[in-house]
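Predicted model only: the values in this text are computed from it and were never measured. Reminder, nothing fancy here: chain letters follow the sequence lines and each chain counts from 1.
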Amino acid sequence: MIKVTLKDGSVKEYEAGTTVMQVAESISAGLARVALAAEIDGEVKELSTVLDKDCSLNLLTFDSEGGKHAFRHTASHVMAQAVKRLYPNAKLAIGPAIDNGFYYDFEIDKTFTSEDLEKIEKEMEKIVKEDLPLERYTLPRAEAIKFMEEKGEPYKVELIRDLPEDATISFYKQGDFTDLCAGPHVPSTGKIKAFKLTQIAGAYWRGNEKNKMLQRIYGTAFAKKNELEEYLAMIEEAKKRDHNKIGRELDYFTTVDYIGQGLPILMPKGAKVIQILQRFVEDEEERRGYLLTKTPFMAKRELYKISGHWDHYRDGMFVMGDPKSFEDPNAEIFALRPMTCPFQFQVYLAHLRSYRDLPMRFNETSTLFRNESSGEMHGLIRVRQFTISEGHLACMPEQLEEEFAGCVNLALFMLKAVGLDGDVSYRFSKWDPNDKKKYIGTEEQWNEVQGRMREILNDLKIPYTEADGEAAFYGPKLDIQIKNVFGKEDTLITVQIDFLLAEKYGMVYVDRDGQKKYPYVIHRTSIGCYERTLALLIEKYAGALPIWLAPVQVKLLPIIDKQHGYAKKVCDKLQSYGLRVETDLRNEKIGYKIREAQMEKVPYMLVIGDKEMENGQVAVRSRKEGDLGPMPLDKFIEKITEEVRNRVL
RNA sequence: GCCAACUUGGCUCAGUCGGUAGAGCAGCGCAUUCGUAAUGCGCAGGUCGCCGGUUCGAAUCCGGCAGUUGGCUCCA
């Protein structure tokens, strides 16, 4: 007999050799029906797993991450089986479960179309109906390779060859289809009742652009039909908030073909929001001891050579002049700046610094130029010219923690002010010890500074995840990540510790002992790039920006032209309080004016008719709450200025 | 850069088998002076993204380029 400890802590005894499924059945038929996989001593396994020793057991349904994962992973096998039935010469690559679904990569000489997806879905439905059991078995390495060679699956052969010598090589068979796979899977294809293939995309084999591009089919799957429908509806809703669509509709920005890709035009409304944010950021930074700088937008290549940027990132820079002269060491070559660091370092270098000067904090509203590849541009999120709330701090080792914490706190303050604090995640971006060429500095240096950064992050109690290979070439980063409406993640804010560039640029301070020493440099942004931040704010609020950021805060709507004089007085008074006001003097009905103001997402509409004119009132309509009725103008001013002051979201 | 889809008046979109472009909204004019999400009538507006090819004839078919979108790769 073996002892099985269940999730609720209860311990049950079973014969050795009992399967997980039998345990589930012994608990309840209902549980056995919805169980998809099981966590055995912390490892996710399938329900057919035989229990032969004491263990802890947690049965997983679709509501758990492990359950979802097994379910969607099985859905990807069902899709691959359908593709193989319809297109036998398709070669299988990989097909994992991902965040909201699954994909499978194929090599095939035809191009998949949306009609093909429908056909594949139909075939998948058949496979689900056939309710094929998934059977796991293992093969020794040589046999596994032979098996996949005979099947004509070169990608699978490559995957097996790359497995460690002692790896267990497992296969899953469902009817006429067998795939190399570590599992786990749900018991049979009949479980996958609600699924949808969502898109076709190209993807490089093993994520390397030097490899062949395969065709990837994305899909999603749910335990219930209505959950799938809800999910698809949610995706559609999210797309309606796409900043690229409403940002243009609401006149925040536009693009012009002959200006070029990744070079958006900020319209008056977009420019206004960015101006408000910039002033807010610069004022707050000044309060926190930052010194504002303004440095040139371009420099001779020598400046970038010192840092290593010229060698690391020349392809991504806009270098001016004849490319043939770039290799001529005597030519004078200028390049637009892709980052601010070496420019702002010159401010530090202008004087010999003492330990008494440190920490020094420099900020700059800095416009940068990066020659992003053509496929990378996206609305305002990824562009070729952007303006970042940039800053660099120089400090002594014993000041590092406090200064880093200060930067993080400033970033969190900004996020809270714009209401994005609940939408971000934190990533501790480290170097890739297996790809040292990409970085400068030694392994010892990296280990030391990453160790310090981890301590600081832990002290700050930031819930971060760690990522190898995401560091800057000169140091580790805390990246504050955010997802756009398509679920794609981007870095909004970053705080980086740099222990290498000070030395390259000869930045020193004279310490108490009279010795010249290199300071730590923190590269940081407080609210990120204004264009990107604006984009995410538009998506977060579906265009209805918080009142303190709204480009137009109040719209005055006189009912007939008799009230235009009073409207002008109201407008002047509101503007004298620093409020952003527009007046709609057109000869249109009030319902029409309200509809337009509402669609423009103006926070407050003030309807002005005879009654208001006579009583010194305004009839207030909120974009959120609708008609609030008339109130004295002074009372409205009190209300709105307080909301602006408190940055009500 | 790679894979794919898309590009028709300011915007959203129609446009069958290739026969020479149509609607709604916006704009302009006139009438209407109106109380919380669209007043009526009229007018104007397009070498169908650009370049080339096939054809008697191209928005429609083919090729190239540009831009937009999703994905991959990249992101100092």
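- Contact annotation for A:R586: backbone-only contact, meaning every heavy-atom pair under 4.0 Å involves sugar-phosphate atoms and none involves a base.
- Residue A:M317 has its side chain nearest to B:rA76 when only B:rG70, B:rG35, B:rA76 are considered.
- Across all strands shown, B:rU69 forms a Watson-Crick or G-U wobble pair, both distances under 3.5 Å, with B:rA4.
- The residue A:G316 sits close to a base: some heavy atom pair falls under 4.0 Å.
- Pairing for B:rG63 is with B:rC51, a Watson-Crick or G-U wobble pair whose two hydrogen-bonding atom distances lie under 3.5 Å.
- Rounded to an integer number of Å, the gap from CG of A:D109 to P of B:rA4 is 13 Å.
- Note on A:G207: only backbone sugar-phosphate atoms sit closer than 4.0 angstrom, heavy atoms only; bases stay farther off.
- Separation of the P atoms belonging to B:rG52 and B:rA58 is 13 Å when rounded to the nearest angstrom.
- Atom CE of A:M213 and atom P of B:rU73 are 9 Å apart (whole Å).
- In this model, a donor atom of one side chain and an acceptor atom of the other lie less than 3.5 Å apart for A:E364 and A:T293.
- When rounded to the nearest whole Å, the span between CZ of A:R337 and C1' of B:rC75 equals 18 Å.
- Around atom NZ of A:K483, no more than 12 heavy atoms belonging to other residues, nucleotides or ligands sit under 6.0 Å away.
- Distance check on atom P: B:rU55 versus B:rG71 gives 42 Å, rounded to whole Å.
- When distances are taken from the side chain of A:A619 to each of B:rU36, B:rC34, B:rU69, the shortest belongs to B:rU36.
- Comparing A:D610 and A:R384 by the nucleotide of RNA chain B whose heavy atom lies nearest to each, the residue mapping closer to the 5' end is A:D610.
- Among the heavy atoms of the strands, none lies under 4.0 Å from A:K562.
- The ring of A:Y87 has its center no closer than 6.0 angstrom to the ring center of A:F106.
- Going from atom CG of A:D242 over to atom C1' of B:rU68 covers 11 Å, rounded to whole Å.
- Between the side chain of A:E612 and the base of B:rG35, a donor-acceptor pair under 3.5 Å is found.
- As the counterpart of B:rG22, B:rC13 is assigned, both hydrogen-bonding distances of the Watson-Crick or G-U wobble pattern falling under 3.5 Å.
- The residues A:E596 and A:K555 are annotated as not salt-bridged, no charged nitrogen and carboxylate oxygen being separated by less than 4.0 angstrom.
- Between the side chain of A:Y204 and the base of B:rG71, no donor-acceptor pair under 3.5 Å is found.
- Regarding A:E376, its CD atom lies at a distance of 10 Å from the P atom of B:rU73, rounded to whole Å.
- Closest to the side chain of A:A472, out of B:rU33, B:rA76, B:rG70, is B:rA76.
- When both distances must be under 3.5 Å, the Watson-Crick or G-U wobble mate of B:rC30 is B:rG40.
- For A:T111, the listed nucleotide lying nearest its side chain is B:rA4; candidates were B:rG35, B:rA4, B:rA37.
- With a cut-off of 3.5 Å on both Watson-Crick or G-U wobble distances, the partner of B:rG45 is given as none.
- Atom P of B:rC3 sits at a distance of 28 Å from the matching atom of B:rG9, rounded to the whole Å.
- Here A:S114 lies out of heavy-atom contact (under 4.0 Å) with every strand.
- Between B:rA76 and A:H523, no contact under 4.0 Å exists linking OP1 or OP2 to a side-chain N or O.
- Side-chain polar atoms of A:Q496 and A:Y474 form a donor-acceptor pair below 3.5 angstrom.
- With hydrogens and angles ignored, no donor-acceptor pair closer than 3.5 Å exists between the side chain of A:Q598 and the base of B:rU36.
- When ring centroids are compared, A:Y103 and A:Y218 come within the 6.0 Å threshold.
- Using a 4.0 Å heavy-atom criterion, one finds that A:Y103 contacts no nucleic acid atom at all.
- Residue A:Y218 is classed as a sugar-phosphate contact, given heavy-atom separations below 4.0 Å to backbone atoms only.
- You'll find that the side chain of A:M339 is closest to B:rA76, out of B:rG1, B:rA76, B:rU33.
- Distance check on atom P: B:rG49 versus B:rA31 gives 40 Å, rounded to whole Å.
- Ring-centre distance between A:H392 and A:Y348: not below the 6.0 Å cut-off.
- The aromatic ring centroids of A:F345 and A:Y505 lie less than 6.0 Å from each other.
- Spacing of C1' atoms, B:rU73 relative to B:rC13, comes out at 35 Å, to the nearest Å.
- For B:rC74, neither phosphate oxygen OP1 nor OP2 lies less than 4.0 angstrom from any side-chain nitrogen or oxygen of A:S373.
- Base contact: A:D561 has a heavy atom under 4.0 Å from a base atom.
- Counting only heavy atoms from C-beta on, A:Q496 has its side chain closest to B:rA76 among B:rU36, B:rG70, B:rA76.
- A:E489 has its CD atom 12 Å from the P atom of B:rC72, to the nearest Å.
- Comparing B:rU47 with B:rU8, their P atoms are spaced 13 Å from each other, to the whole Å.
- B:rG15 and B:rC6 are spaced 14 Å apart, taking the P atom of each and rounding to whole Å.
- Of the nucleotides present, none pairs with B:rA58 by Watson-Crick or G-U wobble criteria with both distances under 3.5 Å.
- Which of B:rC74, B:rU68, B:rU36 sits closest to the side chain of A:V607 comes down to B:rU36.
- Distances shown here put every side-chain N or O of A:Q261 at or beyond 4.0 Å from the OP1 or OP2 atom of B:rA66.
- Within the structure, every side-chain polar atom (N or O) of A:Y592 is placed at least 4.0 Å from both OP1 and OP2 of B:rU36.
- Residue contacts for A:G591: at a heavy-atom cut-off of 4.0 Å it reaches the sugar-phosphate backbone alone, with no base atom in range.
- The interatomic distance linking A:Q563 (CD) with B:rU36 (P) rounds to 14 Å, in whole Å.
- A:H309 comes within 4.0 angstrom of a base, heavy atoms only.
- Between A:R248 and B:rU12, a side-chain N or O to OP1/OP2 separation shorter than 4.0 Å is absent.
- Of the side-chain N and O atoms in A:K477, one or more sit less than 4.0 angstrom from OP1 or OP2 of B:rA76.
- Using a 4.0 Å heavy-atom criterion, one finds that A:I594 contacts the bases of the nucleic acid, with or without backbone contacts as well.
- With both ends at atom C1', the span from B:rA59 to B:rG22 equals 13 Å, rounded to whole Å.
- Evaluation of atom-type donor-acceptor distances gives no pair under 3.5 Å for the side chain of A:R216 against the base of B:rC3.
- Here A:W431 and A:F473 keep their ring centres 6.0 angstrom or further from each other.
- Summarising the geometry, the separation between CE on A:M599 and P on B:rC25 is reported as 12 Å, rounded to the nearest angstrom.
- Among the heavy atoms of the strands, none lies under 4.0 Å from A:E596.
- Applying the 6.0 Å contact sphere to NZ of A:K569 captures no more than 12 heavy atoms from other residues, nucleotides or ligands.
- Along RNA chain B, the nucleotide closest to A:I200 and the one closest to A:F112 are compared, and the more 5′ of them pairs with A:F112.
- Taking 3.5 Å as the limit, the base of B:rC74 and the side chain of A:R382 contain a donor-acceptor pair of atoms between them.
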